[in-house]
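What follows is a set of notes on a single structure, which appears directly below.
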Amino acid sequence: MNFDEIIDRRGTHSDKWDMMQTKYGISPQDGIAMWVADMDFRPPACVTKAIEGMARHGIYGYYGDDRGYRAAIQWWMAERHGWQIEPEWIFTTHGLVNGTAMCVDTYTEPGDAVVLFTPVYHAFARVINAAGREVRECPLVNHGGRYEMDFAAYDAQMTGNERMLILCSPHNPGGRVWSHAELQGVADFARRHDLILVSDEIHHDLVMPGHRHIPMAHIEGTSDRLVMMTATTKTFNIAGAHLGNVIIADDALRARFATRMAAMGLSPNSFGLSMAEAAYSPEGAAWVDALCAYLDGTRTIFDAGMNAIPGVKSMPLEATYLAWVDFSGTGMEAAEFTRRVEQEARICVNHGPTFGTGGETFLRFNIATPRARVAEAVERLQAAFADLQ
Ligand SMILES: Cc1ncc(COP(=O)(O)O)c(C=O)c1O
């Protein structure tokens with residue numbers, strides 16, 4: 001594994017690199033893509049080998065006998081997260097945005113509200129709104145550059161039509177790894193308001209050294225209302241495979257989900273299953289450890305460079321490769337700091353307001369790219385804000 005290798009992704013139908021011109025008006029020739037949440041790294045060799053094996057065999061028929069695939073998921077959750085699951089608890093959705101949509105569809109009705117702790121991954125609100133449900137934004141508290149929850153305030157916000165809560169754990173954006181006490185707070189809040197608790201833990205493997213992710217399934221009082229969502233895609237950079245694990249221990253909740261999956265005619269593709277089975281292995285685990293160490297080093301470089309710009313503050317990431325940078329101290333309007341980042345530094349980033357309330361003064365930078373490119377981005381950004389020095 002060589003995370004420093006620069007791999008040209010242009011012309012490969014990469015959303016991140018091949019849609020820059022269309023979406024931002026920034027040429028991929030000299031622009032830097034730091035928006036879409038995938039990485040510019042190859043997955044571990046075991047994943048590539050699985051695909052090569054399929055290509056060599058050359059017959060791409062219907063997939064059957066998924067016992068090995070389910071066993072690999074079961075092994076990974078036990079080995080990496082100390083979480084014991086049963087193979088039959090696992091559903092494979094068309095990714096976790098689809099998993100979220102399936103949960104909204106299965107467990108809520110039009111007009112119901114879904115609670116989100118904002119700012120949070122933008123697709124949640126998109127899916128909830130598109131399904132004719134309401135988003136109940138519960139803003140996180142930015143306490144000295146670290147997000148925290150305020151359950152007393154959230155209790156006061158509930159109107160009675162809330163049916164579900166979607167937690168992002170670890171949190172995107174901002175990278176918080178929620179503590180046991182915070183997770184217990186979420187579980188208690190869900191119980192107080194009788195909410196189905198969907199825990200999107202897609203970033204659970206991308207945790208920085210010194211931090212430990214706790215699966216929501218380990219929190220007391222969740223078993224009868226919990227839907228867990230994890231995936232190989234973010235961890236191993238195989239998002240194009242479009243699959244996610246929706247894991248439901250409760251029999252009644254699982255039966256309802258199974259019925260909706262059947263009604264939608266959803267089943268996964270063989271490439272995704274083969275890649276996931278290969279990834280959830282000792283070789284995949286060693287690769288993830290190396291990746292997290294690399295990302296930890298990169299974020300140190302990125303944060304130091306960004307925090308050297310007066311008025312700019314990058315949140316210290318406990319997990320994820322998605323740096324969340326606050327420009328409020330510059331005193332600039334969002335249009336101005338965004339213009340400087342995009343037009344002067346020629347860097348494509350995600351805009352804070354798309355993540356909901358609390359994101360107004362932020363931009364999100366994807367740092368999962370070779371360090372040389374991150375260093376180049378930091379240099380350009382320092383130049384774009386040089387007048388503040
Ligand atoms: C919290 C969260 N959930 C889901 C996804 C996307 O999931 P998928 O590609 O499986 O639809 C992302 C991607 O960034 C994410 O951050």
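A quick note: this is a predicted structure, and the numbers were derived from the prediction, not measured. Nothing fancy with the numbering, it's 1 onward along the sequence. Start at 1 and go down the list; that is how both ligands and their atoms are numbered.
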Query raised in the report: Is it true that Phe365 and Phe302 have ring centroids separated by less than 6.0 Å?
Result: yes
Report task. State, with a plain yes or no, whether a side-chain heavy atom of Tyr121 is found less than 4.5 Å away from one of Leu322. Result -> no
Query raised in the report: If you count the non-hydrogen atoms of other residues, nucleotides and ligands that lie under 6.0 Å from CZ in Arg192, is the total more than 12?
Result: yes
Query raised in the report: Phe151 vs Phe189 aromatic rings, parallel, tilted or perpendicular, using cut-offs 30° and 60°?
Result: tilted
Please report, to 0.1 Å, the donor-acceptor pairs under 3.5 Å made by any side chain of residues 137-144, with sequence neighbours excluded.
from	atom 1	to	atom 2	distance (Å)
Glu137	OE1	Thr357	OG1	2.3
Glu137	OE2	Thr357	N	3.2
Asn142	OD1	Gly145	N	2.9
Asn142	OD1	Arg146	N	3.4
His143	ND1	Glu148	OE2	3.4

**Report entry** Near ligand 1, at a heavy-atom separation below 4.0 Å: residues by chain and residue number
**Finding:** Ala37, Gly95, Leu96, Val97, Tyr121, Cys168, Asn172, Asp200, Ile202, His203, Lys234
Report task. On the 0 to 90° scale, with breaks at 30° and 60°, tag the Tyr147-His171 ring pair as parallel, tilted or perpendicular. Result -> perpendicular
